[in-house]
Colleague: 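Submitted below is the structure of interest, expressed as structure tokens.
Note that ligands are numbered from 1 as they come in the structure, with each ligand's atoms numbered from 1 the same way.
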Amino acid sequence: MKRLLPVVGLGLCASLSASAFAQQNATIRWMTGNTAQSVQFANEVAQRYMDANPHTIGGEEYNVTVEIIQGPESATDRYALYLQFFQAQSGEADVLEIDVIWPGDLAEHLVDLYEYEGAREAAEEHFPAIIENNTVDGRLVGMPAFTDAGLLYYRSDLLEEYGFDGPPETWAELEEMARTIMEGERADNPDFTGFVWQGEAYEGLTCNALEWIASFGGGTIVSQEGQIEVFNDQAIAALETAAGWVGTISPQAVTGFQEEDARRIFTAGNAVFMRNWPYAYSLLIDAEGPVTTENVGVTTLPAGEEGGTPAATLGGWQMGVSRYSSNIDVAVDFALFATSYEEQLQRALVVNNLPTIEAIYEDERLLNSPVAWFADLLPVFQSAVARPSTPTAPRYNEVSRAFFTAVHGVLMGTTDAETALGELEFTLEELTGLPVAGGAQDVASR
Ligand code: GLC
């Protein structure tokens with residue numbers, strides 16, 4: 001033992017003096033989704049950061065390598081994978097994409113970005129509501145990368161051909177248009193359908209079903225004040241309406257669709273309407289297929305009834321840094337880079353994700369691009385309906401699972417909407433311990 005001591009001492013001296021004068025190498029791993037488009041964009045971001053090497057971080061110079069790890073595309077599966085990492089306290093991924101609904105559930109495993117250089121100033125650039133969403137007990141656990149909102153895509157050429165003046169304003173109008181156009185188009189194209197959306201039992205279905213329910217005036221599952229409000233007449237009517245689309249204006253298989261399944265059918269020219277997020281637009285720009293930005297319009301989703309309010313679910317992703325990372329300083333620096341003004345602008349232009357920095361909506365480069373319409377829809381994005389992740393944290397993921405499972409049963413016809421939502425109300429009470437907002441009495445007293 002004794003003989004080793006001087007050797008260890010020497011090694012320490014050597015590495016200390018080296019770090020004071022030379023660059024250190026660091027590798028950080030960034031977990032992204034796995035669509036071809038998002039992976040390609042992530043590689044471009046990583047490359048731009050590496051092109052700017054060396055980075056001075058906390059007074060040290062680093063030569064950084066950013067590696068991309070592709071995670072599952074489904075938010076529900078990605079959440080499960082993160083939990084595995086965190087439970088094992090694994091630093092497998094240093095930088096993680098965090099869905100807008102996860103800060104409250106995952107806060108304990110994420111670094112407080114405010115403790116690092118530049119984060120406070122950077123946070124001031126973003127929409128305050130999203131920063132507030134990402135702040136848990138005063139700790140900023142994610143820097144916004146982009147926001148998201150559900151939209152209605154429609155085939156403007158077909159609407160015109162069949163004599164409709166414009167996109168539907170209510171779900172009933174959408175049904176009528178979809179039916180008429182489907183009947184006509186099926187003569188030549190047996191694969192043609194009316195309306196594609198996300199009906200698989202996963203987080204995407206929570207987003208779709210929240211839009212139906214909110215647009216019928218049926219609330220937001222659990223209110224932001226923390227009252228369970230999912231069991232009410234409007235919510236029941238909304239789910240019954242959507243269940244009626246399955247196998248009629250929507251394919252039977254819609255109950256197994258995620259975003260990309262719907263998107264592929266729509267871009268192949270096999271549907272009139274699609275519910276999707278803004279990213280889907282980027283795959284229509286310069287597209288070679290039958291469907292391009294030339295014959296597609298994008299607008300707000302329909303309202304439950306005439307004079308009702310349309311609803312878009314609020315989505316979006318943040319960059320968070322794992323507490324178990326062995327390179328936290330470097331990972332935070334990269335997260336700040338990837339969420340900066342220029343990077344958000346590139347994101348908007350290349351993959352059509354909505355910026356969270358308001359000034360970008362007025363940037364000439366955006367206004368002269370195919371997504372100049374982002375600026376027109378800014379009020380829609382800013383009034384998007386939040387899922388109840390804050391009032392139910394840290395159990396939102398379980399709340400959402402109970403909700404999408406109940407909704408999926410209704411879509412599959414295994415249960416009716418009233419039974420499913422009544423049972424869900426009990427499940428949510430047990431899961432969250434939150435009070436019921438009187439919905440049970442409303443229905444029971446009819
Ligand atoms: C989008 C949204 C995200 C949502 C997910 C559901 O990625 O940005 O918030 O949870 O879709 O599929």
Colleague: At a 4.0 Å threshold, what atoms of ligand 1 neighbour a non-hydrogen atom of E203?
Modeller: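 Going through ligand 1 atom by atom, the ones under 4.0 Å from E203 are 10 (O).
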
Colleague: Does the ring center of Y154 lie less than 6.0 Å from the ring center of F273?
Modeller: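 Y154 vs F273: aromatic centres not under 6.0 Å.
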
Colleague: With atom 11 (O) of ligand 1 as the reference point, say which of W277, W317, Y279, Y202 has the nearest heavy atom.
Modeller: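 Result: the heavy atom closest to atom 11 (O) of ligand 1 is in W277.
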
Colleague: For E423, check side chain to side chain contact (heavy atoms under 4.5 Å, CB included) against everything at least two apart and list the hits.
Modeller: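 By the side chain to side chain contact (heavy atoms under 4.5 Å, CB included) rule, E423 matches T419.
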
Colleague: For G316, is at least one N or O under 3.5 Å away from an N or O on ligand 1?
Modeller: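 Yes: some nitrogen or oxygen of G316 is under 3.5 Å from one in ligand 1.
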
Colleague: With heavy atoms of G204 as the reference, note each atom of ligand 1 found under 4.0 Å away.
Modeller: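 Heavy-atom distances to G204 below 4.0 Å select 6 (C), 12 (O).
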
Colleague: Under 4.0 Å, heavy atoms only, figure out whether ligand 1 is touched by the backbone of E259, its side chain, both or neither.
Modeller: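 E259 to ligand 1: side-chain contact only, backbone stays beyond 4.0 Å.
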
Colleague: Check for me whether R120 meets the cation-pi criterion with Y114, that is, NZ or CZ under 6.0 Å from the six-membered ring centre and within 45 degrees of the ring axis.
Modeller: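 Yes, cation above the ring, under 6.0 Å and within 45°.
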
Colleague: If you measure from each non-hydrogen atom of R387 to ligand 1, which part falls under 4.0 Å: side chain, backbone, both or neither?
Modeller: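 Looking at R387 and ligand 1, just side chain atoms fall under 4.0 Å.
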
Colleague: Who's the nearest protein heavy-atom neighbour of atom 4 (C) of ligand 1, and how far?
Modeller: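 Heavy-atom neighbour on the protein nearest atom 4 (C) of ligand 1: D99 OD2, 3.5 Å.
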
Colleague: Please check if atom CZ in R347 has more than 12 non-hydrogen atoms from other residues, nucleotides or ligands closer than 6.0 Å.
Modeller: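 Atom CZ in R347 is crowded, with more than 12 foreign heavy atoms closer than 6.0 Å.
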
Colleague: For the residue pair E259 and W277, confirm or rule out a side-chain donor-acceptor distance under 3.5 Å.
Modeller: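 Side-chain D/A pair, E259 to W277: present.
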
Colleague: What donor-acceptor contacts under 3.5 angstrom involve side-chain atoms of residues 372-383, with partners at least two apart or in another chain?
Modeller:
| unit_1 | atom_1 | unit_2 | atom_2 | d |
| --- | --- | --- | --- | --- |
| W373 | NE1 | P370 | O | 3.4 |
| S383 | OG | P379 | O | 2.9 |
| S383 | OG | V380 | O | 3.4 |

Colleague: Just need the protein heavy atom nearest to atom 2 (C) of ligand 1, so name the residue and atom and give the distance.
Modeller: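 The closest heavy atom on the protein side is D148 OD2, 3.3 Å.
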
